[in-house]
Structures are given as C-alpha cells and as structure tokens.
Enquirer: 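Starting off with a structure, shown below.
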Protein chains: 2
Amino acid sequence: MPASTVNKDLQAERDKGSFDRNEFTLWWVGGKEKLKEKQDLETFLANDPDFHNKTPIHFLSHKELYEETIRQATAIFRKVRKFHEDRGNGDPSNYMQILGGLLGNGIIRQGNPLGIHFAMFVPALLGHGSPEQQAEWLPRALKCQLLGTYAQTELGHGTFLRGLETTATYDERTEEFVLESPTLSSYKWWPGGLAHTVNYCVVMAQLFSKGKCHGIQPFIVQLRDEETHMPMKGIVIGEIGNKLGMNGVNNGYLGFEKVRIPRKNMLMKNAKLLADGTFVKPPSQALTYGTMMFVRVIIVRDTALHLAKVATIAVRYSCVRRQSHINPDQPEVQVIDHLTQQYKLFPSIARSIVFKLTSDNLWEMYNQVTSELDQGNLERLPELHAIACCLKAVTTADAAKSVETLRMACGGHGYMTCANFYNTYGFVTAACTYEGENTVLLLQTARYLIKVWNQALKGQPLGPTVQYLNSFIQSRNNRHAWIDTVPGIVKALQTVAAGKLRLANEHVEQRKKAGYTHEEAVNLTSLELAQTAEAHCRAFLVQSGHEMIEKLCQRVSPALAKVMRTVGELYAYNEALDSIGSLVRFTTISESDINRLQSKLESALLAIRPNAVSIVDGFAIPDVLLGSPLGAYDGNVYERLYEEAQKSPLNKEPVNKSFHLYLKPFMRSSL
Amino acid sequence: MPASTVNKDLQAERDKGSFDRNEFTLWWVGGKEKLKEKQDLETFLANDPDFHNKTPIHFLSHKELYEETIRQATAIFRKVRKFHEDRGNGDPSNYMQILGGLLGNGIIRQGNPLGIHFAMFVPALLGHGSPEQQAEWLPRALKCQLLGTYAQTELGHGTFLRGLETTATYDERTEEFVLESPTLSSYKWWPGGLAHTVNYCVVMAQLFSKGKCHGIQPFIVQLRDEETHMPMKGIVIGEIGNKLGMNGVNNGYLGFEKVRIPRKNMLMKNAKLLADGTFVKPPSQALTYGTMMFVRVIIVRDTALHLAKVATIAVRYSCVRRQSHINPDQPEVQVIDHLTQQYKLFPSIARSIVFKLTSDNLWEMYNQVTSELDQGNLERLPELHAIACCLKAVTTADAAKSVETLRMACGGHGYMTCANFYNTYGFVTAACTYEGENTVLLLQTARYLIKVWNQALKGQPLGPTVQYLNSFIQSRNNRHAWIDTVPGIVKALQTVAAGKLRLANEHVEQRKKAGYTHEEAVNLTSLELAQTAEAHCRAFLVQSGHEMIEKLCQRVSPALAKVMRTVGELYAYNEALDSIGSLVRFTTISESDINRLQSKLESALLAIRPNAVSIVDGFAIPDVLLGSPLGAYDGNVYERLYEEAQKSPLNKEPVNKSFHLYLKPFMRSSL
C-alpha cells in the first residue's frame with residue numbers, strides 16, 4: 001500500500017491516531033503467528049488473477065454468476081490447499097476455516113457453494129456417523145473426492161424440525177430405506193450447493209420402521225453420478241432461484257421418488273436401526289445441542305467480522321467525503337465531522353469489537369461446557385444454549401441494522417453494489433433467519449429464563465449468566481440505584497432484564513389463571529417474553545464487553561487500553577440510551593442523569609473521532625477483501641468509483657442496441 | 001380470480017372479515033371512477049404479453065436487464081398512451097402518473113428509465129422555462145419525441161447544492177455558455193435515464209458571467225444525436241454501474257469538455273442572463289421550494305403504497321404457512337396466529353394507512369399554501385417545508401424497516417428475489433437518501449422548530465402544526481397528565497416533542513455561552529435536534545392519522561369505521577410504546593399505565609387478526625403488480641414457489657457445464 005498516493009485527508013487521519021495500530025491488529029487477529037499467516041495468504045490471494053473475477057459478478061447473469069463462482073472457488077480451494085501443504089500444514093480443517101469465513105464472504109462475493117461441504121456435511125459425518133461410517137466416508141470427503149451438503153429444511157418447514165415431512169421407510173426384506181417426498185411441501189429446499197454442485201448429501205428424514213415413526217434421523221444419500229454428475233434415479237433436483245444475496249451458494253431443492261439406500265446409510269453414531277427393523281434410541285440428545293451451539297458461536301464471530309468490514313468502508317469514506325459547512329466561512333467539512341455521522345459510524349465499530357470479544361467469551365464457555373459434557377455433566381448445557389440463542393438473535397439483528405446504517409451513511413454511493421455493503425447485508429440478514437429464526441430463538445431463551453426465575457424464587461442457586469436474578473429478587477422492593485459507569489450500566493440493564501422477566505412471568509401466570517393453557521398464555525405474552533430475552537442478552541453483551549476489555553487492558557499499552565475503554569463506554573452508553581424507557585421504569589435514573597448520559601455518549605463519540613481511522617486500519621482488512629472503492633486503503637474514492645463504472649458492459653459501446661430496437665421507434669411513434 | 005382454486009386457509013380468512021372489503025377499496029382508491037379506471041388498466045396490463053418479462057429479470061445480466069426494461073417500458077408506454085387516447089383522455093399527465101408510480105414500481109420491477117422524463121425533466125421545463133422556452137421544448141417533450149433527464153447531483157456532491165462544481169461560463173462574443181467539468185468530482189452522477197436512454201438533459205451548473213458567479217442555474221443541453229444517439233461533441237457519458245435496486249433506471253454520469261450551448265438554453269423563467277452578460281435575479285426563490293415539497297408529498301404517498309404491497313404479501317403468506325404448535329395436542333398453527341408474527345405484520349398495515357392519510361393531509365396543506373403563494377403570501381411556507389421534510393424522512397425510514405420486518409416475517413422464502421420484497425426495499429431505501437438525505441432533512445425541520453420555539457417563548461402565535469408548543473410553554477412546570485386514548489397519546493407525544501425541543505434549545509444555548517459559534521453548537525447538539533424533529537413528526541403522524549380516520553368514519557359504514565379506528569389505535573399504541581422512554585420523562589405515565597398500554601396494543605393486534613386478510617385484500621393490488629408467489633390472491637404459495645424455481649436458466653439442464661470444466665477436475669485433483 002504505497003503511502004504516496006493516499007488521499008491527504010485520510011493520511012492526516014492516520015497521523016493523528018493516539019495508539020499503535022499494530023498492537024491493536026495483533027490483538028484483533030490473535031497474535032504474531034496468525035497475523036503472518038493471514039498476511040501471507042492475503043498476498044497470495046491478491047496476486048493470483050485466477051482468484052478474481054474478470055468482470056465484477058454483479059454484471060453477470062444469474063447462471064454466469066454461478067459458473068464463475070465455481071471456477072473461482074475451485075481455483076482458490078485447490079491453490080490454497082497447496083499453499084498450506086507447501087508449508088507442511090495439510091490439515092483440511094484449515095481449508096474449512098478459510099473457505100467458510102474469510103474467503104466465502106470476501107473474495108467470493110456472493111457466497112461459496114463449496115463452503116457447506118466443510119461447514120455442515122463433514123461435521124454431520126463426524127457428529128452422526130459411527131466409526132465405521134466415518135472410515136468409509138470421511139477420507140474421500142476431506143479430500144473433496146466427493147462433495148456434500150446437509151438437507152434439513154423443506155419447502156414447508158424451517159425452524160420447526162418436528163414438522164419435517166420427508167420419510168425414510170425401512171424395508172426389512174431388502175435391508176434398505178425408501179426415501180419419499182409425500183407432498184410438494186416436503187421437498188428439501190434451501191441447502192447450499194445442493195442444486196448443481198454436490199453429489200452427496202446428508203438428508204434429515206422421519207424414520208419409519210415396523211409401521212412406527214422414530215423421529216428425524218440423518219441418512220447419507222448419493223444425489224448424482226460421480227462420472228457424469230447426472231441425478232441418480234428418483235432424485236428430483238434443481239435450484240430454488242435468485243435471492244437477495246448469496247447467489248453463488250447454489251441453494252437447491254430435492255425431492256425423492258422412492259429412492260432406495262442401504263441400511264448402512266443411516267448415520268448411526270447416536271440412534272440405530274438394527275437389520276430386523278428394531279429402533280435403538282440414542283443415549284443422549286445432548287450432543288446435537290453441542291453442534292447447534294458451535295454454529296451459533298461462529299455466527300456471532302462472523303457477524304463481528306462483517307461489521308468490522310463495513311465499518312472500515314464507511315469510516316474511510318466519511319473522512320474523504322466533504323459535504324456542507326459547519327461554520328459558513330470555512331470550507332466544507334469531512335462528513336465524519338458531523339456529530340450525526342459519528343453517531344452512525346462509531347457505535348458499529350464498538351459493536352464489532354464487543355461482538356468479537358463476546359464470541360471469544362462464548363467460545364470459552366462452549367469449550368468448558370463441552371468438556372463437562374464429556375464427563376457426563378449436562379448441568380450447564382441449558383444455560384449455554386439459552387445465552388447462545390439470544391446472542392445469535394441479537395447480534396445478527398443489530399448487525400443487519402448496522403450494515404444498513406453504515407451504507408446509508410455513505411449516501412447514494414453506498415447504494416452501489418460495488419461499494420460492497422449490499423453483498424455483506426445479504427450475508428448478515430440471512431443469518432437472522434437461518435440456524436434458528438431470531439424470534440424463535442429469543443422465545444427459547446425466554447423459556448429458559450422463566451424456568452430459572454421460578455428456581456430463583458425458590459432460592460435455588462443459578463448459573464453465572466443469570467445470577468443477577470438472585471440479587472434482583474433479594475432487593476426487589478427497591479428501585480435499582482442508577483450509577484453511570486459501565487459496571488453501573490451493566491447492573492442497571494440486568495435489573496431491566498429481571499424486571500421485565502418478573503412482569504412477563506406474572507402475565508403468563510395471570511393468563512393461566514384466566515383459563516388459558518400454559519402454551520396459549522405463553523403465546524399471548526410472547527411480545528414481552530421476546531423483549532425480556534433481548535434485555536437479558538443486551539445486559540450480557542455490555543457485561544461481557546466490559547469484562548473482556550478490562551482483561552485485555554491488563555496486557556496492552558496504556559494508549560491502547562485507553563482507546564479500548566472508550567470503545568466499551570461508547571457501547572454501554574449507546575445501549576443504555578437505547579433502553580432509556582426501561583431504565584426509567586426499573587432504576588432511579590433521573591432527568592438530569594439522562595442528560596448526563598447523553599452528553600457522555602457525545603463525548604465518547606468525540607473521543608473516538610481522532611482514532612476512528614486508526615481503529616478500522618487496525619482491523620487489518622486488505623483491499624482485496626474489503627472489495628469497495630469507498631473503503632480502499634488509499635482513499636481515492638472518486639477515481640475508484642469512476643473506474644468501477646468503466647467495468648460495466650453497458651459502457652463498452654456508446655449506443656446500446658435497445659436504442660435502434662425500441663427507443664427510436666418509440667420516439668418516432670407520435671410524429 | 002377464481003375462488004375455486006384458493007387455498008382453503010386463505011379462503012377461511014376471507015370469510016371471517018367483519019366489514020365490506022369493497023367499501024374499503026373504494027375509499028383507498030378514491031372512488032368508483034378511479035377504481036374502474038384502475039381495474040380496466042390492470043386487466044389491460046395483465047393480458048398483454050408484451051408488458052411482461054419472458055424470463056424473470058433477476059435471472060438476466062445487468063446489460064440484458066436494461067435492454068429488457070427498455071423493451072418493456074416503451075411497449076407499455078406506447079400502448080398505455082393509446083389506451084388513454086382511445087378513451088378520449090390524451091392528457092400526458094396521465095402517463096406520467098402511470099409510469100412514475102404504479103408501473104415503475106410494479107410491472108417494471110427494477111424501475112423505469114423513462115420515468116424521470118415525466119417526473120423531473122418535464123416539471124423542470126415547466127418550473128424553470130420561460131413561455132418561449134416552454135413553447136419550444138414542451139410539445140416535443142410531452143410527445144416523447146425527445147427524452148430528457150435532470151442532472152443535479154455530482155460525484156462529489158449530493159444534498160448540499162451550493163457545493164456543486166459544474167460551471168457554465170457565459171461567452172459574450174458568441175452569446176453562448178461553455179459547460180465544463182473542472183474536476184472528476186464535478187461529473188454529474190446518478191440522474192436516471194442519463195446513461196444510455198435520454199438525449200436531452202436539464203443541467204444544474206454554477207453560472208459565471210463577467211467573472212462573477214451567480215449560483216446554480218438550469219440549462220438545457222442536448223446529450224445525444226437524435227438520429228444516431230451518439231454522444232454530442234464534448235459530452236462524456238456512461239452508466240454508473242450496478243446498484244442494490246432500481247437497475248432498470250439506467251443511472252448515468254456526465255462530464256462536459258467545453259460544451260457550448262446558445263444563451264437561450266439557460267432556462268429563464270426565474271433568473272435571467274441578458275445578451276450582454278448581465279445577470280437578473282429572480283423575483284423570489286419560493287417557487288423552487290414548492291417543487292421540492294410536491295416531490296416529498298409524492299414520496300410519502302408512494303411509501304404508503306409500497307408498504308401496502310409488502311403487507312399484502314406477508315399477511316397472505318402468514319395465513320397459508322403453518323409452523324409450530326401452540327397447544328401441543330393440536331395441529332401446527334397458521335403463523336399469523338403467533339402473537340409475535342401479528343406484531344411484525346399489523347403495525348405495517350397501520351403504517352400504510354396512516355401514511356396514506358397523512359399524504360392526503362399534506363396534499364391539502366400543499367394546495368392551500370400554494371394558492372396563498374400565488375397571492376404573494378409566503379407566511380406558511382416554512383411551516384409546510386418543515387413538516388414535509390420530517391415526514392419524508394420518518395416515513396421512508398419507517399417503511400424501509402417495515403419492508404425488512406415483513407420480509408423476515410416470511411422466513412427464508414422472503415429472501416427469494418421472486419418474493420418481491422427485495423425489489424421493493426430497493427425503492428424504499430433509496431428514498432431515504434434521494435430528494436434530501438433523511439438526517440439532513442430532520443435537521444432542517446429542527447432548525448425551523450428552534451426558530452418557532454423562540455417565537456413561542458416571546459408569546460408569538462404559531463402555525464397549526466406547531467401550536468402545541470404554545471400550550472407546552474403555558475404549562476411547562478407540570479408534567480403532562482397521561483391519558484391512554486388516541487387523542488391523549490397525541491397530546492403526550494406533542495409534549496415529548498416540545499420537551500425535547502426545550503432541552504435541545506437549552507443545550508445549543510449552553511454551548512454558545514461556552515464559546516462555540518452557533519453552527520458549532522448546533523452540530524454538537526445535532527443528535528438531540530434530529531431526535532426532536534423525529535418526535536415532532538411522530539406526534540404529527542399520530543394526530544393526522546387520528547383526525548383523518550375520524551373524518552372518514554363520518555361517511556363510512558359502522559363496520560368499516562370500527563376497523564379503521566382499531567387501525568388508528570394500533571398505530572398510536574405502537575408509536576407510544578416505541579417512545580416509552582420519552583413518555584416516562586415528559587408525562588405522568590406510570591408503571592401500571594405502561595402495562596395497560598402494552599395490553600391495549602396486544603388487544604388491538606388480536607382485534608385486527610380476523611380482518612387482516614380482508615384489509616390487505618381491500619388494498620386491491622392485483623397479482624400482476626404484487627408479483628410474488630408468496631402473496632398471490634389464491635394463496636398457492638408452494639406451487640408458485642416451485643413454478644418460479646423452474647424459470648431459472650440453471651434448471652434448464654441437468655448438469656451445468658461448470659461440472660466438466662471445474663468441479664470434476666477439482667474432485668480428481670487429490671486422487
């Protein structure tokens with residue numbers, strides 16, 4: 001990145017940062033070794049023309065986009081594998097990480113049809129396959145000699161798994177399962193890579209044996225011939241069409257017309273079906289929870305990275321763009337000098353950092369609970385499940401809003417596809433729906449909270465994420481005393497969550513007394529329940545952000561610690577002001593406290609202002625992954641926008657054929 | 001629409017409506033005559049294959065999409081013109097309405113490149129052209145013998161007009177203007193139709209004469225040869241690239257390399273330039289305000305129509321989709337029976353209706369103020385300007401959020417482009433940026449509010465939209481007494497707006513005393529100022545919705561009146577709960593009041609539940625304009641989604657060529 005060509009306003013921003021940007025990067029990336037690896041890989045990616053699209057994919061047709069994505073994804077995959085092998089690191093889990101995260105959302109702009117192979121097919125083999133099954137399938141899968149996906153969702157059913165309609169009926173005579181799609185709505189719908197890419201699939205279907213249904217079980221099914229790629233007999237397959245985003249992912253549909261598979265193709269690590277058709281229950285359902293939680297940790301982390309990316313673009317653009325005067329006798333200001341612009345930009349920087357810290361935190365909890373699980377201790381599983389559910393819901397929802405706020409902070413130019421907000425939005429908003437629809441997840445957390453609330457009332461001890469309910473109950477007759485430090489805000493937000501939980505629980509009980517069933521009462525109280533789960537999650541995020549930052553500050557320079565604390569404060573003040581209605585209800589916060597909080601927020605924005613570019617530089621996202629003329633390191637925004645326009649195929653000829661075909665005859669038609 | 005094939009759940013919904021859907025439609029559309037005209041036109045549109053895309057445009061390349069849009073737009077335009085002429089109605093203002101509104105956002109999915117001709121080029125001729133200039137240009141423009149656009153925004157400047165850089169320098173010797181683009185950032189950027197469609201343009205440029213700058217003036221410039229469509233000498237022109245939405249609009253860029261135009265091409269209805277280079281100021285700037293306000297009224301109305309469309313899609317889908325049990329022993333319920341789903345759907349129905357009523361209200365105010373203007377009375381202009389600014393900002397922002405909420409309420413299927421949320425989002429979110437960026441508009445309203453606040457303090461009488469400030473000042477030492485009727489909520493929200501205004505004004509004054517200039521103080525207080533303008537607008541929306549509904553209830557059946565009142569209540573309760581933090585600060589609302597308000601909101605949702613389908617049916621949007629498999633009148637959601645998938649070019653062949661080219665070699669590469 002030659003400094004000589006950098007936009008001077010942007011260079012001036014870099015010169016005024018108060019901390020060492022490299023120190024920030026080392027922490028963000030996870031140490032020297034990881035940074036080196038990341039930089040080597042990025043250089044490798046940036047320099048190989050095979051990895052890039054000749055024509056930006058947003059100018060391609062839907063079909064061309066898919067074909068180009070396959071070209072690009074296989075080229076990257078093959079060469080990245082070699083890149084790692086050359087360094088003596090042949091572990092395919094590396095490819096998984098690269099394909100699923102960094103590249104899937106960076107260089108491959110609309111998602112990676114091979115991503116699902118490592119993100120779900122291989123984990124499904126590991127999670128559900130018996131040792132013999134793993135021995136049969138895993139080696140070829142890891143080498144990509146076969147490619148797979150995971151088919152659960154159907155046209156008529158998403159989050160509610162028990163409603164799935166696809167059947168696998170055991171035929172004892174032949175020791176085979178017969179897979180069938182009894183209705184159109186039972187067609188598998190949405191799996192990534194399913195349409196034209198993969199040749200194998202793990203299919204979730206209702207197992208029937210001896211006339212009895214044994215619930216949803218996983219089956220491995222060959223979809224296409226390995227030589228010709230033609231669909232196997234009885235396999236009805238295709239793609240579901242164009243989407244808001246992720247059009248490279250090749251989401252497909254799949255119907256079964258009496259497709260027979262051998263008994264050994266039911267994945268039997270957990271439940272089993274014996275040759276005579278006897279069903280053997282799994283010892284525990286806990287392990288499937290584990291996988292879901294793992295995926296949710298990953299989603300929170302990816303969300304943080306997406307936000308870092310769009311914040312980088314919007315912050316750099318806001319330093320280069322000048323618009324309007326503040327003082328009429330002075331030149332137009334950088335738009336980042338408008339306080340309203342800072343309020344659009346900086347909270348997302350804070351969100352990105354807090355979400356990343358929280359995903360680290362959640363990852364620690366996950367590992368701890370998993371190791372307890374291995375010792376047969378299931379105790380903390382529900383708590384972890386509850387916090388993972390609401391974190392996935394709140395971080396994806398907040399991030400989706402943030403991406404749009406940042407995009408609109410870039411005005412019209414943010415609306416350009418090349419600005420790369422829109423592709424990012426496609427990823428982030430999709431995460432609000434997949435892996436558990438957000439409202440459903442919040443209600444799952446609320447169900448847990450109602451349960452522990454009633455435990456707390458009985459004086460039972462609670463897990464760390466809900467311990468605050470005990471304190472609340474002990475002091476329930478007093479309003480919580482407002483203190484406007486970050487730990488004070490954490491306590492206040494916990495009080496809000498507890499107060500809302502108390503009310504929601506009361507309203508459920510009232511409705512039950514009025515004659516509703518428990519489930520009806522829960523449905524009628526579900527708005528409050530969802531809000532309660534959200535409040536619980538927000539308190540956790542502020543707390544987790546604060547504690548993780550304080551831990552970090554023990555081991556970084558005072559200059560960086562100062563910036564990180566300001567980031568944590570901004571996050572906390574902003575969350576508090578967004579919850580002001582609840583704070584007024586459940587704490588002693590006064591009118592003058594609110595004014596003070598508002599001015600603390602404003603001060604935090606102004607404090608971050610001189611460091612904003614240094615922080616986003618610290619995220620260390622290279623231009624090749626940012627992929628935006630608005631956000632490039634050199635800040636040559638207008639030149640790059642003009643260059644991007646020149647890539648349009650419409651600009652390759654001065655007069656489009658539609659003039660002669662349609663426009664001219666039209667203009668002459670009223671002569 | 002044959003009832004025989006209608007999904008039975010949807011039919012059951014229709015059967016339980018409590019009011020006459022046709023009565024609703026007659027009101028919504030504006031009377032029998034308009035309904036007849038609308039239905040005739042819709043039938044005409046639905047039946048002509050020339051008006052539709054053979055392949056859905058989301059499968060086309062960027063270039064193909066443009067070409068197909070031109071084909072479709074010219075076909076529709078030509079035939080709709082004939083349709084009207086055959087009925088003895090040859091007034092081109094009709095085409096304008098049809099092309100700009102109904103069709104632009106309906107049949108033509110990604111916007112209409114001819115729309116801007118009638119929406120801005122013709123109005124610019126009318127607004128800025130002298131009678132002689134109109135005589136020269138208008139007849140050909142109205143017949144579309146020439147096509148134009150309006151070029152104001154530049155690569156480096158949007159909302160801040162004074163910053164525009166394009167220059168028009170008068171050359172007395174030849175009596176010509178020389179148009180120049182002194183920098184890359186001065187290139188015109190964004191005008192619709194500019195790139196490859198139009199051949200004329202109204203260009204806004206800084207007028208220089210005798211070495212002096214006379215500010216921004218409009219010039220008419222020929223861009224392309226009428227025969228060959230080749231760009232004229234010195235015209236640098238092309239398209240700006242792919243966008244999040246509206247890709248049919250053909251947004252372009254335009255640079256001038258010393259382009260000479262005759263003096264008569266400066267539009268001189270207002271300001272003039274004499275042959276000797278003498279500049280003559282316009283008598284008043286008021287008229288340009290008028291046009292801007294007109295456009296904002298239209299935006300509010302269009303926003304209401306967009307919302308009606310997506311609400312129709314999401315409500316119908318939510319009746320057909322079944323997911324999860326409420327009571328475990330009963331079948332899966334229609335998702336519309338989940339209270340959380342109702343909360344995602346019904347407030348948008350209410351928003352659509354209240355926005356439409358408010359645009360009617362604003363339209364009346366606009367006409368009144370315009371007729372006062374014609375009599376030289378400018379008094380109410382600033383008030384109208386202020387309310388139009390904030391209404392444009394708040395309705396577009398709320399609508400953009402609502403479209404996404406409704407889309408996500410349809411889960412994964414909402415993410416499909418064919419569901420038609422995403423195209424609609426493209427229109428609605430663009431309106432947050434164009435015609436005045438939303439934050440800038442809110443700050444304009446706030447500037448007005450600060451002014452009238454200080455007038456009110458001096459006891460001066462205020463206009464109707466801000467009269468509440470007088471009452472607030474008279475009773476300022478008392479908290480407003482909370483009453484939870486709709487008029488009570490209006491008063492409470494007005495108190496909130498007034499209370500926030502008082503604080504913001506205080507904070508501006510404090511900062512000035514601390515040594516900041518007025519402009520710096522305003523910038524440092526701008527978060528509160530923007531929130532104040534928003535609060536003012538929200539109070540106005542609830543009031544306007546309430547008053548217009550009460551007026552309507554005088555002349556409709558009791559059954560319809562009852563439903564409309566519930567809609568108004570839902571809107572008010574929802575706004576009040578969204579502002580609860582402010583209500584607690586500025587009114588006497590208590591904890592039990594809040595609980596009561598929450599349960600009133602829940603009751604309003606449940607009250608709308610049985611009428612939800614009848615209301616959206618009442619919007620009377622035909623399938624051809626809804627354009628969504630999720631929202632079609634017959635509710636055959638899954639069949640239609642499957643049909644849409646079959647239209648994908650990728651599904652025309654069982655094996656895509658990328659298998660042989662890339663996938664197979666890749667899978668073999670590690671053998």
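Quick caveat, the model's predicted, so the values are computed rather than measured. Just so it is clear: chains get the letters A, B, ... in the order the sequence lines come, proteins before strands, and each one is counted from 1.
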Enquirer: Checking A:Ala75 against chain B: side chain, backbone, both or neither under 4.5 Å from a heavy atom?
Expert: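 Neither part, no heavy atoms under 4.5 Å.
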Enquirer: Does any backbone or side-chain atom of B:Leu529 lie under 4.5 Å from a heavy atom of chain A? Answer side chain, backbone, both or neither.
Expert: neither
Enquirer: With chain A as the partner, which of B:Lys664, B:Arg78, B:Arg585, B:His325 has the greatest number of non-hydrogen pairs under 4.5 Å?
Expert: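 Highest number of heavy-atom pairs under 4.5 Å: B:Arg585.
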Enquirer: Are A:Tyr638 and B:Tyr187 close enough that their ring centers fall under 6.0 Å?
Expert: no
Enquirer: Of the backbone (N, CA, C, O) and the side chain (C-beta and beyond), which part of B:Phe421 lies under 4.5 Å from a heavy atom of chain A, both, or neither?
Expert: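 When you check distances to chain A, no heavy atom of B:Phe421 falls under 4.5 Å.
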Enquirer: Any luck finding a side-chain donor-acceptor pair between A:Tyr434 and A:Thr153 under 3.5 Å?
Expert: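 No, A:Thr153 and A:Tyr434 have no side-chain donor paired with an acceptor closer than 3.5 Å.
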Enquirer: Counting only heavy atoms closer than 4.5 Å, note whether B:Asn251 contacts chain A via side chain, backbone, both or neither.
Expert: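 Contact with chain A is absent: no heavy atom of B:Asn251 under 4.5 Å.
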Enquirer: Give a yes or no on this: more than 12 heavy atoms of other residues, nucleotides or ligands lie within 6.0 Å of atom NZ of A:Lys652.
Expert: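 Yes - once you tally the heavy atoms of other residues, nucleotides and ligands closer than 6.0 Å, there are more than 12.
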Enquirer: In terms of heavy-atom proximity below 4.5 Å to chain A, should B:Leu184 be classed as side chain, backbone, both, or neither?
Expert: side chain
Enquirer: Between B:Arg407 and B:Glu404, does at least one N-O distance fall below 4.0 Å, as a salt bridge requires?
Expert: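 Judged by the 4.0 Å cut-off on N to carboxylate O distance, B:Arg407 and B:Glu404 do form a salt bridge.
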Enquirer: Checking B:Arg140 against chain A: side chain, backbone, both or neither under 4.5 Å from a heavy atom?
Expert: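 B:Arg140 has no heavy atom closer than 4.5 Å to chain A.
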Enquirer: Quick one: what part of A:Ser590 sits under 4.5 Å from any heavy atom of chain B, side chain, backbone, both or neither?
Expert: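 No part of A:Ser590 comes within 4.5 Å of chain B.
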Enquirer: Go through the atoms of B:Glu520 and report whether side chain, backbone, both or neither lie under 4.5 Å from a heavy atom of chain A.
Expert: both
Enquirer: With heavy-atom distances below 4.5 Å as the criterion, would you say the side chains of B:Ile70 and B:His196 are in contact?
Expert: no
Enquirer: Please classify the contact of A:Tyr422 with chain B as side chain, backbone, both or neither, using a heavy-atom distance under 4.5 Å.
Expert: side chain
Enquirer: Can you tell me which portion of B:Thr417 sits under 4.5 Å from chain A's heavy atoms? Options are side chain, backbone, both or neither.
Expert: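 For B:Thr417, backbone and side chain are both near chain A.
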Enquirer: Do A:Tyr343 and B:Ser526 pair up side chain to side chain, a donor and an acceptor below 3.5 Å, judged on atom types alone?
Expert: no
Enquirer: Under 4.5 Å, counting heavy-atom pairs only, tell me which of B:Gly245, B:Ser599, B:Gly426, B:Ala430 racks up the most with chain A.
Expert: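 Going by pairs under 4.5 Å, I would pick B:Gly245.
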Enquirer: Below 4.5 Å from any heavy atom of chain A, which atoms of B:Asn438 appear? Answer side chain, backbone, both or neither.
Expert: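 Nothing of B:Asn438, per the 4.5 Å heavy-atom cut-off to chain A.
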Enquirer: On a heavy-atom basis, which atom in B:Thr197 and which in A:Leu663 lie closest, and how many Å separate them?
Expert: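 What the structure gives for the nearest pair is O-CD1, 3.4 Å.
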Enquirer: When rounded to the nearest 0.5 angstrom, what is the spacing between CG in B:Leu339 and CD in B:Glu602?
Expert: 6.0 Å
Enquirer: Is a donor from one side chain sitting under 3.5 angstrom from an acceptor on the other, for B:Glu67 and A:Asn656?
Expert: yes
Enquirer: Could you tell me which portion of A:Pro665 (side chain, backbone, both or neither) has an atom closer than 4.5 angstrom to a non-hydrogen atom of chain B?
Expert: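 For A:Pro665, the contact with chain B is made by backbone and side chain together.
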Enquirer: Out of B:His338, B:His413, B:Glu64, which one racks up the most heavy-atom pairs below 4.5 Å with chain A?
Expert: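 Greatest number of close heavy-atom pairs with chain A: B:His413.
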Enquirer: So for A:Thr433, is it side chain, backbone, both, or neither that comes closer than 4.5 Å to the heavy atoms of chain B?
Expert: side chain
Enquirer: Does any heavy atom of chain A fall under 4.5 Å from the side chain of B:Gln342, the backbone, both, or neither of them?
Expert: neither
Enquirer: Counting only heavy atoms closer than 4.5 Å, note whether B:His507 contacts chain A via side chain, backbone, both or neither.
Expert: side chain
Enquirer: Side chain from CB out, backbone as N, CA, C, O: work out which of these in B:Glu644 comes under 4.5 Å of a heavy atom of chain A, or both, or neither.
Expert: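 Answer is neither: B:Glu644 stays 4.5 Å or more from chain A.
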Enquirer: So which of A:Leu605, A:Ile326, A:Leu641 has the biggest tally of heavy-atom pairs under 4.5 Å with chain B?
Expert: A:Ile326
Enquirer: Where on A:Tyr66 is there a heavy atom nearer than 4.5 Å to chain B: the side chain, the backbone, both, or neither?
Expert: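 Contact with chain B is through the side chain of A:Tyr66 alone.
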Enquirer: Go through the atoms of A:Gln72 and report whether side chain, backbone, both or neither lie under 4.5 Å from a heavy atom of chain B.
Expert: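 Neither part; nothing is under 4.5 Å.
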Enquirer: Let's test your reading of the structure: which of B:Glu639, B:Met408, B:Glu332 forms the most heavy-atom pairs below 4.5 Å with chain A?
Expert: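 Most pairs with chain A among the choices: B:Glu332.
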Enquirer: Count the heavy-atom pairs under 4.5 Å between each of A:Gly412, A:Gly163, A:Gly238 and chain B, then report the option with the highest count.
Expert: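 Greatest number of close heavy-atom pairs with chain B: A:Gly412.
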Enquirer: I'd like to verify something: which residue of B:Val584, B:Val655, B:Leu524, B:Asn523 has the highest number of heavy-atom pairs under 4.5 Å with chain A?
Expert: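 If we count pairs closer than 4.5 Å to chain A, B:Asn523 comes out on top.
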Enquirer: Under a 4.5 Å heavy-atom cut-off, does chain A meet the side chain of B:Pro231, its backbone, both or neither?
Expert: side chain
Enquirer: Would you indicate whether the side-chain heavy atoms of B:Trp190 and B:Lys243 approach each other to under 4.5 Å?
Expert: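 Yes, side chains in contact.
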Enquirer: Is it the side chain or the backbone of A:Lys401 that comes within 4.5 Å of chain B heavy atoms, both, or neither?
Expert: neither
Enquirer: Sort B:Leu503 into side chain, backbone, both or neither according to what part of it lies under 4.5 angstrom from a heavy atom of chain A.
Expert: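 Side chain of B:Leu503 only, per the 4.5 Å heavy-atom cut-off to chain A.
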Enquirer: By a 4.5 Å heavy-atom criterion (distance strictly below it), what part of A:Leu443 contacts chain B: side chain, backbone, both, or neither?
Expert: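 When you check distances to chain B, only side chain atoms of A:Leu443 fall under 4.5 Å.
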Enquirer: Check each atom of B:Leu65 against the heavy atoms of chain A and say whether the ones under 4.5 Å are side chain, backbone, both or neither.
Expert: neither
Enquirer: Using non-hydrogen atoms and a 4.5 Å limit, figure out which bit of A:Glu68 sits close to chain B: side chain, backbone, both or neither.
Expert: neither
Enquirer: Begin with the C-alpha distance, continue with both residues' side-chain angles, and end with the deciding distance and a verdict on salt bridge (Lys or Arg N to Asp or Glu O under 4.0 Å) for B:Arg321 and A:Glu437.
Expert: CA-CA 15 Å; B:Arg321 179 77 165 183; A:Glu437 192 276 330; over 6 Å; no
Enquirer: Go through A:Glu227, A:His518, A:Arg224, A:Glu528 and name the one with the most non-hydrogen pairs under 4.5 angstrom from chain B.
Expert: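 When all of A:Glu227, A:His518, A:Arg224, A:Glu528 are compared, A:Glu227 has the most.
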Enquirer: Quick one: of B:Leu146, B:Leu583, B:Leu661, B:Thr429, who has the most non-hydrogen atom pairs under 4.5 Å with chain A?
Expert: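 So the answer, after comparing B:Leu146, B:Leu583, B:Leu661, B:Thr429, is B:Thr429.
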